[in-house]
A.B. asks: 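Sharing a structure below in structure tokens format, with a few things to ask.
Everything quoted here is computed from the prediction, not taken from an experiment. Proteins get letters first, then strands, A, B, ... in listed order; numbering begins at 1 in each.
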2 protein chains.
Amino acid sequence: MSRNEFICDCNVIHQEVVNDTLRKMPEQDVFNKIAEFFKIIGDTTRTKILFALDNNEMCVCDIANVLSMSKSSISHQLGTLRRSGIVKCRRQGKEVYYMLDDEHVKQVFEIAKEHIEHKK
Amino acid sequence: MSRNEFICDCNVIHQEVVNDTLRKMPEQDVFNKIAEFFKIIGDTTRTKILFALDNNEMCVCDIANVLSMSKSSISHQLGTLRRSGIVKCRRQGKEVYYMLDDEHVKQVFEIAKEHIEHKK
DNA sequence: ATTATAGTTGAATATCTATTCATTTGTCAA
DNA sequence: TTGACAAATGAATAGATATTCAACTATAAT
């Protein structure tokens, strides 16, 4: 039996709504990418890093000091943010300076703050 | 002198930038809530549910059919979304209808799509 | 009351992930 | 070259979480 053959454990109750929705649903790949984007920024450490970088570009040691965390941990997180195209970096001597590389991050943060204010 | 010398494993390189950033950083609680919001929508299943509900309110069975997943799994995820104030529901007879309860979700999805398009 | 259906919920499990630790790479200066 | 420092990286671990399974509640129909 094909492992793609999936039987749902309940009946369709509103067939028209389901069919209409299925027609309008984007491809799996779109959902994966959108969820991935939010997963990346949905972490307290990474959120702090992005806020910090919104003010200035900073080297890893500076970010580690601002967040009171180890260089290694910050470096791992910066790697994640870089691979996702949310930050970029430039090396200058022994230091590597990180900066935001996405104009959308600030926008979604503003909306998130509205959401939080609204739900108080 | 430095308030970080016992916490962080490296020196502050740019003291002024660090101090300036520390002054501008919001409270821990703000970061927790923002990250939590993105964590909630940063999951493929929940992203799909929110997209589906953007078209119509739907009962649990319908959503389970649209996503080809079990009722239980969908119900768990709907509980998460409900507790976060992102969806709400109403009972009608044996069925429980879910709908979006946040005007910000659609906005952040639009921005996320722009991000994804831009990074191709 | 009994039965069937829709949905919820707690526990268990398997997977994922953030941080730590140890090591390595890259750069500069002596 | 050697030493010092910034940063990156791989492996290991501990904690978080998505789904499944089984049991349960709620509602409606007979």
Side-chain angles (χ1 to χ4, degrees), chain A residues 3 6-15 17-18 31-32 35-36 38-50 57-84 87-99, chain B residues 4 7-14 17-18 31-32 35-36 38-50 57-84 87-99:
Chain A
R3 53 190 290 273
F6 182 87
I7 298 162
C8 190
D9 65 344
C10 57
N11 297 320
V12 175
I13 295 175
H14 308 86
Q15 191 71 58
V17 171
V18 168
F31 289 115
N32 288 342
E36 183 64 20
F38 290 126
K39 198 179 292 181
I40 294 295
I41 60 178
D43 172 85
T44 306
T45 300
R46 289 190 289 267
T47 301
K48 285 181 183 174
I49 292 174
L50 295 174
E57 67 170 18
M58 276 195 275
C59 66
V60 178
C61 275
D62 288 340
I63 300 170
N65 275 281
V66 167
L67 303 205
S68 292
M69 290 175 67
S70 71
K71 264 191 306 184
S72 178
S73 180
I74 297 296
S75 183
H76 274 296
Q77 297 291 18
L78 286 168
T80 301
L81 289 167
R82 188 163 34 74
R83 282 187 294 276
S84 304
V87 305
K88 62 183 172 184
C89 62
R90 66 180 179 86
R91 178 177 276 276
Q92 187 178 325
K94 280 184 290 189
E95 295 150 27
V96 178
Y97 290 86
Y98 280 84
M99 65 210 81
Chain B
N4 297 313
I7 304 166
C8 185
D9 65 342
C10 58
N11 297 319
V12 174
I13 294 175
H14 308 88
V17 171
V18 169
F31 289 115
N32 287 342
E36 182 64 20
F38 290 125
K39 197 179 294 183
I40 294 296
I41 59 178
D43 172 85
T44 306
T45 299
R46 289 191 289 267
T47 301
K48 284 181 184 174
I49 291 174
L50 295 174
E57 68 171 18
M58 275 194 275
C59 66
V60 178
C61 275
D62 287 341
I63 300 171
N65 275 281
V66 168
L67 304 206
S68 292
M69 291 176 66
S70 70
K71 264 190 308 184
S72 177
S73 180
I74 297 296
S75 183
H76 274 295
Q77 297 291 17
L78 286 168
T80 300
L81 291 167
R82 189 163 34 74
R83 283 186 294 277
S84 305
V87 304
K88 62 184 172 184
C89 61
R90 67 181 178 87
R91 178 177 275 276
Q92 187 179 325
K94 280 184 289 188
E95 295 151 28
V96 177
Y97 290 87
Y98 280 83
M99 64 210 82

A.B. asks: Closest to the S73(A) side chain: dT9(C), dA6(C), dT19(C)?
C.D. replies: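 Taking heavy atoms from C-beta onward, the closest nucleotide is dT19(C).
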
A.B. asks: For DNA chain C, whose closest nucleotide is more 5', that of R91(B) or that of D43(A)?
C.D. replies: R91(B)

A.B. asks: Would you give the length of the straight line joining atom OG1 of T45(B) to atom CD1 of I63(B), rounded to the nearest 0.5 angstrom?
C.D. replies: 12.0 Å

A.B. asks: Can you see if the side chain of R46(B) gets near the phosphate of dA18(D) - specifically, an N or O under 4.0 Å from OP1 or OP2?
C.D. replies: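 For dA18(D), OP1 or OP2 has a side-chain N or O of R46(B) closer than 4.0 Å.
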
A.B. asks: Does Y98(B) reach a base, just sugar-phosphate, or nothing at all? Heavy atoms under 4.0 Å.
C.D. replies: sugar-phosphate

A.B. asks: If you take atom types as modelled and just measure distance, does the side chain of S72(A) reach the base of dC21(C) with a donor-acceptor pair under 3.5 Å?
C.D. replies: yes

A.B. asks: How many Å lie between NZ on K71(B) and P on dT9(C), as a whole number?
C.D. replies: 14 Å

A.B. asks: In whole angstrom, what separates M69(B)'s CE from dA18(D)'s P?
C.D. replies: 10 Å

A.B. asks: Please pick, from dA6(D), dT8(C), dT20(C), the nucleotide with the shortest atom-to-atom distance to any side-chain atom of S70(A).
C.D. replies: dT20(C)

A.B. asks: Per the atom types in the model, does the base of dT17(D) pair as donor or acceptor with the side chain of H76(B) at under 3.5 Å?
C.D. replies: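 Not at all, since no donor on one side and acceptor on the other fall under 3.5 Å apart.
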
A.B. asks: Atom CD1 of I74(B) and atom P of dG7(C): how far apart are they, to the nearest Å?
C.D. replies: 11 Å

A.B. asks: Using a cut-off of strictly less than 4.0 Å, decide whether S75(B) has a side-chain nitrogen or oxygen near OP1 or OP2 of dT9(C).
C.D. replies: no

A.B. asks: Taking T44(A)'s backbone N and O only, do any of them form a donor-acceptor pair with N32(B)'s side chain (distance below 3.5 Å, no angle check)?
C.D. replies: no

A.B. asks: With rounding to the nearest 0.5 angstrom, report the NE2 to OG distance, H76(B) to S70(B).
C.D. replies: 8.0 Å

A.B. asks: Can you check the H14(B) NE2 to dA6(D) C1' distance for me, whole Å?
C.D. replies: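 One finds 12 Å between C1' of dA6(D) and NE2 of H14(B), rounded.
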
A.B. asks: In whole angstroms, how far is the P atom of dT8(C) from the CZ atom of R83(B)?
C.D. replies: 11 Å

A.B. asks: If I take atom CZ in residue R90(A) and atom P in nucleotide dA6(D), what distance separates them, rounded to the nearest angstrom?
C.D. replies: 16 Å

A.B. asks: Once rounded to the nearest 0.5 Å, what's the spacing between atom CG of L50(B) and atom CD1 of I41(B)?
C.D. replies: 7.5 Å

A.B. asks: So, the side chain of R46(A) versus the backbone of I40(A): is there a donor-acceptor pair under 3.5 Å, distance only?
C.D. replies: yes

A.B. asks: Any side-chain N or O of K94(B) under 4.0 Å from OP1/OP2 of dA29(D)?
C.D. replies: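 For K94(B), the contact criterion (side-chain N or O under 4.0 Å from OP1 or OP2 of dA29(D)) is not met.
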
A.B. asks: What's the CZ-P distance between R82(B) and dG7(C), to the nearest Å?
C.D. replies: 13 Å

A.B. asks: Within the structure shown, what part of the strands sits under 4.0 Å from I13(A) by heavy-atom distance: base, sugar-phosphate, or nothing?
C.D. replies: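 I13(A): backbone/sugar contact only, no base atoms under 4.0 Å.
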
A.B. asks: What is the distance from NZ of K48(A) to C1' of dA18(C), rounded to the nearest Å?
C.D. replies: 13 Å

